[in-house]
Amino acid sequence: MKSEARNPKPEVANATREVNLSVQIGGMRMQNPVTVASGTFGYGVEYAQLLDLNQLGAVVVKGIRLGPVRGNPTPRTVEVASGLINAIGLQGPGVDGFIKKYWPFLKELKVPTIINIWGTTVEEYAEVARRFDELGGVGALELNVSCPNIKEGGAQFGTDCKLLSQVVSACRKATRLPLITKMSPNVVSIAPYAKAAEEGGSDALAVTNSYPAMAIDIETRRPRLANITGGLTGPCIKPIAIKLVWEAAKAVKIPIIGMGGIQNSADAIEFMMAGATAVAVGTANFYEPQTALQVLAGLRDFLQRQGLTDVRQLVGSVRVEKV
Amino acid sequence: MKSEARNPKPEVANATREVNLSVQIGGMRMQNPVTVASGTFGYGVEYAQLLDLNQLGAVVVKGIRLGPVRGNPTPRTVEVASGLINAIGLQGPGVDGFIKKYWPFLKELKVPTIINIWGTTVEEYAEVARRFDELGGVGALELNVSCPNIKEGGAQFGTDCKLLSQVVSACRKATRLPLITKMSPNVVSIAPYAKAAEEGGSDALAVTNSYPAMAIDIETRRPRLANITGGLTGPCIKPIAIKLVWEAAKAVKIPIIGMGGIQNSADAIEFMMAGATAVAVGTANFYEPQTALQVLAGLRDFLQRQGLTDVRQLVGSVRVEKV
Amino acid sequence: MLPPTMVEESVRIISNERATDLYFRLVVQSPRIAPLVQPGQFAHLRILPLREALLRRPFSIFRVEGYTFSILYKAVGKGTELLSRMRPDDELNAIGPLGHGFTVPPAGGEMPLLVAGGYGMAAMYLLAQRSPQRGIVFVGGRRRVDILCEDEFRALGWDVRATTEDGSHGEKGLVTQPLIAELKRGTAGRKLFACGPTPMLKAVSRIAEEFNVPAELSMDEHMCCGVGVCLTCVIPISTGDGWEYQRTCTEGPVFDSRLIAWEATA
Amino acid sequence: MLPPTMVEESVRIISNERATDLYFRLVVQSPRIAPLVQPGQFAHLRILPLREALLRRPFSIFRVEGYTFSILYKAVGKGTELLSRMRPDDELNAIGPLGHGFTVPPAGGEMPLLVAGGYGMAAMYLLAQRSPQRGIVFVGGRRRVDILCEDEFRALGWDVRATTEDGSHGEKGLVTQPLIAELKRGTAGRKLFACGPTPMLKAVSRIAEEFNVPAELSMDEHMCCGVGVCLTCVIPISTGDGWEYQRTCTEGPVFDSRLIAWEATA
Ligand SMILES: Cc1cc2nc3c(=O)[nH]c(=O)nc-3n(C[C@H](O)[C@H](O)[C@H](O)COP(=O)(O)OP(=O)(O)OC[C@H]3O[C@@H](n4cnc5c(N)ncnc54)[C@H](O)[C@@H]3O)c2cc1C
Ligand SMILES: Cc1cc2nc3c(=O)[nH]c(=O)nc-3n(C[C@H](O)[C@H](O)[C@H](O)COP(=O)(O)OP(=O)(O)OC[C@H]3O[C@@H](n4cnc5c(N)ncnc54)[C@H](O)[C@@H]3O)c2cc1C
Ligand SMILES: Cc1cc2nc3c(=O)[nH]c(=O)nc-3n(C[C@H](O)[C@H](O)[C@H](O)COP(=O)(O)O)c2cc1C
Ligand SMILES: Cc1cc2nc3c(=O)[nH]c(=O)nc-3n(C[C@H](O)[C@H](O)[C@H](O)COP(=O)(O)O)c2cc1C
Ligand code: FES
Ligand code: FES
């Protein structure tokens, strides 16, 4: 390090060096790799007063199916050690409601919007994809095949390789928008699922969704969630998510958006080193809405401190030769 | 509650009432349902100065295979948010080493010893079981089919229903000791595995072992564990473990020993309400060796406060009628 | 762009003192949030020493004085207990003011009847202070210690009627008893405003219907984000042909009692 | 039963003050642990305000006075930073004394040469104090601030030789340089005792071999349980025909340098 500093060349380079933060997810360019996780950022507009959305890599909205969804009864979330369990039940306005209520705001953003979509049948997924393709101006579609909180839909597609590849192929046919498949963590090994999504035509993977979990109030003897079980998220799942990203990255060539408990730039860098091209902040938004921007600032500092010129140099850079 | 108090009978009963804490795991009677998790309590002797082992429901020792095992290189553990990742690699003295070094101490205890065993083949599992059957005086055998840190052995038996039932049946033939099958959490659904273990002749299930996980040191870019990946344990996995116990309990009739992040009596009661007949304290021993005894004291208080006379009244008592 | 209606800021504790029993009053320096507060709004506080518990905790804003605001809170769990041990000059992080508060009765409008249980009294003070019309506050609690800011309401010139369940202070019984008695004396030009535990709100809702008086209720649902993104805090709201879930942190916490689809609540 | 060699106790902080830079001295009231301490042993402390970080942190016991013991620690991470903000009368939980310490040189036995780097100096003080023979302490660090208890060793009548890598204090260079110089003057009846970073220990081990003097090394491995149950803290120890992993918390932290299978370490 010291000897390098004595060399005048790197110093000059240092002063003028621009760090490239932009990454590519399928056909979608992100000005930086930091985005947010579906369901933890509403439809963007709710946070517009607290942070400048145009500084993000992309905005990701809450899961949308064809028609409006009422969602589960309450309580819908419960706090646990270093985490949260939720069973929202994918409440949402449906495609039309979304377009009417939220799209006018989102389409004016300078950064792409990723729309998280779901359905209860392969046909519904494809139809929702087609509707957003028609809409124009959407950044990418994220196929939620891994929501643990809905009986008919979501998770079963993410834990069955054949269904998964059917859903992805059907959406692939319905749209030319970049497709991101949001993977379920609840599998013996993620590799075959990752490959199924890639082969089905997915442009990227989002790893990972929440873990099936449960909590009981011992005084009332009732589950703490009206839905009985829910999905575990937050810092508590980070070590599991890192492992899944690492394994998925070894299995496929398409980029991965890493998520699960990211609270700061060190967490984000850990995901990138494990193999993620981009990262998403989820549960942390709920307690610190500035998290994504803090992650971005910390990431920039880290690259500069390490003398790196391109954020992509971090991707998959973990050194795993056994000693 | 108040009207009950006005009735003289329960009050008298209250004063003299003995709370039954004992539970039965196969043929093994435990004076109370609180035990410890394999690998977190050494061979008992290490903690003998810090707590009275004879107050536990049982002592569970670190996993043992036929011969001695050196284990993985270091670092072997890393602390994460509300948890720990370990990749010890099942270091141990082997059957003979164990019998020589630790059995003289353990066999003098007034409480049963549960021996956690493993192998790399079905035959080795059965042979280890046979050896401990011969030894005499062992409380029960716990089949570890779920260690994520050993390539050849452990986890693959726990994530393949056929192999699992083979291992259990082979051990069943080799011994009349109560058999406890230690389940892997890393499956899409625990129910078929739980049934496979039950059908193979297991007397009980231990739910759950650790979760495959990983952490990276972003400064050195190396995995924080020499083994690259390890198993996640501690409070962070409790909500996942509760859900697994609840699902396993619905699937089988044999008793379940619940574990995963238990830190206090409320956690233990949560496991029991979800369906566990007994509970084990694991990672918490590392930071608070008194945990198991604190859990026991708190459990006794809770029963008394709720006017219950038998700890078994808690088992599976969660009220799950959807509202 | 419109001026911000909510901001995030690091707030410094000015004082944090026990009021009665388990209730504490916290005053913080908050130059950006304090001036924006409307009656019935809340602040979402990050209690920084809470580490393994991640979420913010919501508290109604009790009083606003200059660039400070205060809350009145009860130590009921890990967050509030840690909060009660924090000291002047310690920092908290706050997002606020949040939510859709009470409609302040216009001058010459309805005469306000305030109904408050437990820490619900906190949410009412600012309404009483900013209402051009004085009215009656019905405050109720289990025991004497649950009656919180009676004198402060009196100091504003309001008529205060206290009830306790154990009779240790004021009338013995539920807070709805003197309310009913008062409404029997007359309902014209009167409007109810209530904040407290859900069973109390439900009772007030029924009374409002029975006496055909308007009522605004501040609903107490568990919250997570506090700003409308997570959909944790929903309650069923009538839509004419049925009901839909709306967010208490955003569309609420204050709702017109006639819109609440009580039949769909647990 | 044998008398206990280790106990768990709640210990009260008597003082906790900055020594130099990032180093702090913590003194705790510990009537049960303090009397049992042998040189080279450690205490496993639970820093209670650490919440999402669960584990205890191990620290060599620096001094023992009556029913108190002290540690000398460097604030390097979340636990030690939180610890440095704790105040007198705050409580910690301690398990100790733990581990197998140094062999105190018997009267008329070898002359001790102590080699210590950074917080390794803490582990050495008790050895110097309890040794019937005075000797030489070689203390080394990066900068002046890393030289910790020089005066305390002098006060015990020991010959202190300080080195710093940047030359800001004592001789410039590594702690092993004056050690080698001293050993060149003579090795007979001398024995090395070392505690510090692993590269330093490895160097001392090589020097001991080269000069054929015995050496006891206090090994620095990450710990988890601290009492021998988890098998986190192992290092490779020769067994004659090979090596096996032994626990630094139980069989160690102090090992005879000839037994360490350095070739098997990372
Ligand atoms: C809009 C709103 C305004 C509020 N205003 C006040 C106020 O002015 N003064 C006051 O003392 N309290 C107020 N509360 C309640 C307060 O938020 C909870 O008491 C607090 O979050 C409990 O935190 P804890 O960590 O101490 O409790 P925990 O240890 O988390 O839980 C202890 C108990 O508190 C309940 N609780 C936990 N989280 C919430 C939550 N988010 N909302 C409601 N109950 C919860 C739990 O069910 C449990 O019974 C308000 C709540 C809401 C939704
Ligand atoms: C037998 C023994 C005696 C020790 N004696 C002293 C002493 O007298 N004075 C002193 O200042 N320190 C001593 N240490 C080191 C001390 O335990 C660590 O500095 C401390 O655990 C770091 O905790 P933290 O929460 O501040 O750091 P963390 O935030 O956990 O981590 C910060 C850094 O500390 C390192 N670290 C974390 N845990 C350990 C661990 N268990 N062992 C070693 N390094 C670790 C990490 O790798 C990281 O680089 C000793 C360690 C051992 C094993
Ligand atoms: C309250 C909540 C709602 C969520 N809703 C969705 C959703 O609608 N679609 C989806 O794909 N994932 C959803 N998720 C999962 C997140 O997008 C993300 O995968 C998960 O929270 C892990 O990241 P985190 O640990 O940073 O929160 C939701 C998560 C939470 C906590
Ligand atoms: C360091 C360590 C070693 C372990 N070794 C074993 C083992 O040898 N055999 C086994 O079946 N489980 C082993 N486990 C798993 C525990 O028995 C237990 O299933 C797990 O830790 C979950 O409980 P906890 O969260 O309370 O720790 C080990 C866990 C840890 C942390
Ligand atoms: S608390 Fe998140 S939407 Fe209301
Ligand atoms: S730290 Fe657990 S065995 Fe040494």
Side-chain angles (χ1 to χ4, degrees), chain A residues 73 78 80-83 85 155 159-160 184 186-189 211-224 226-230 232 234-247 261 263 265-267 269-274 302 306 314 317-323, chain B residues 73 78 80-83 85 155 159-160 184 186-189 211-224 226-230 232 234-247 261 263 265-267 269-274 302 306 314 317-323:
Chain A
V78 56
V80 292
S82 296
I85 319 179
T159 52
D160 177 326
S184 171
N186 196 37
V187 292
V188 175
S189 161
Y211 257 82
M214 180 173 177
I216 299 167
D217 180 332
I218 65 168
E219 298 300 331
T220 64
R221 299 198 184 186
R222 290 198 180 276
R224 289 202 182 261
N227 191 52
I228 304 177
T229 62
L232 183 65
C236 58
I237 68 164
K238 192 187 76 171
I240 318 186
I242 294 282
K243 162 133 195 294
L244 290 174
V245 166
W246 183 64
E247 289 194 333
Q263 295 196 97
S265 58
D267 294 338
I269 293 163
E270 199 176 343
F271 271 96
M272 296 191 79
M273 289 181 173
F302 182 84
Q306 298 234 329
L314 297 177
S317 66
V318 62
R319 296 155 63 193
V320 292
E321 334 81 60
K322 280 216 184 195
V323 278
Chain B
V78 55
V80 291
S82 296
I85 318 179
T159 53
D160 178 327
S184 170
N186 197 36
V187 292
V188 175
S189 162
Y211 256 81
M214 179 175 179
I216 299 168
D217 181 331
I218 64 168
E219 299 298 333
T220 63
R221 298 198 185 186
R222 290 198 180 277
R224 288 201 181 262
N227 191 53
I228 306 176
T229 62
L232 183 66
C236 59
I237 68 164
K238 192 187 78 172
I240 318 185
I242 294 283
K243 165 139 193 288
L244 289 174
V245 167
W246 182 63
E247 288 193 336
Q263 297 195 95
S265 58
D267 294 336
I269 293 162
E270 201 177 342
F271 271 96
M272 297 191 78
M273 288 181 174
F302 182 85
Q306 297 234 329
L314 297 178
S317 66
V318 61
R319 296 156 62 194
V320 292
E321 336 81 58
K322 282 216 182 195
V323 278

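- Among all heavy-atom pairs drawn from A/Asn186 and B/Val187, the shortest one is OD1-O, 3.5 Å.
- Residue A/Glu270 holds its CD atom at 8.5 Å from CG of B/Asp217, rounded to the nearest 0.5 Å.
- At a 4.5 Å heavy-atom cutoff, the contact between A/Ile85 and chain B is made by side-chain atoms alone.
- Between A/Ile228 and B/Trp246 there is a side-chain heavy-atom pair separated by less than 4.5 Å.
- No side-chain heavy atom of B/Ile242 sits less than 4.5 Å from a side-chain heavy atom of A/Val80.
- The minimum heavy-atom distance between A/Ala213 and B/Lys243, with the atom names listed, is N-CD, 3.6 Å.
- Using a 4.5 Å cut-off on side-chain heavy atoms (C-beta onward), A/Gln306 and B/Glu219 make contact.
- If you tally non-hydrogen atom pairs under 4.5 Å between each of B/Gly83, B/Ala241, B/Ser317 and chain A, the highest count goes to B/Ser317.
- With rounding to the nearest 0.5 angstrom, the CG atom of A/Leu314 is 9.0 Å from the CD1 atom of B/Ile218.
- In this structure, B/Leu232 and A/Pro239 approach most closely via the heavy-atom pair CD1-CG, 4.0 Å.
- Heavy-atom pairs under 4.5 Å with chain B were tallied for A/Ala274, A/Ser82, A/Gly234; the largest tally goes to A/Ser82.
- Heavy-atom distances place the backbone of A/Thr220, and not its side chain, under 4.5 Å from chain B.
- Shortest non-hydrogen contact noted between A/Val320 and B/Pro223 is CG1-CG, 4.0 Å.
- Expressed to the nearest 0.5 Å, how far CD1 of B/Ile269 lies from CD1 of A/Ile216 amounts to 11.5 Å.
- Residue A/Phe271 does not touch chain B at all, counting heavy-atom pairs closer than 4.5 Å.
- Separating the OG1 atom in A/Thr229 from the CD atom in B/Glu247 is a distance of 7.5 Å, to the nearest 0.5 Å.
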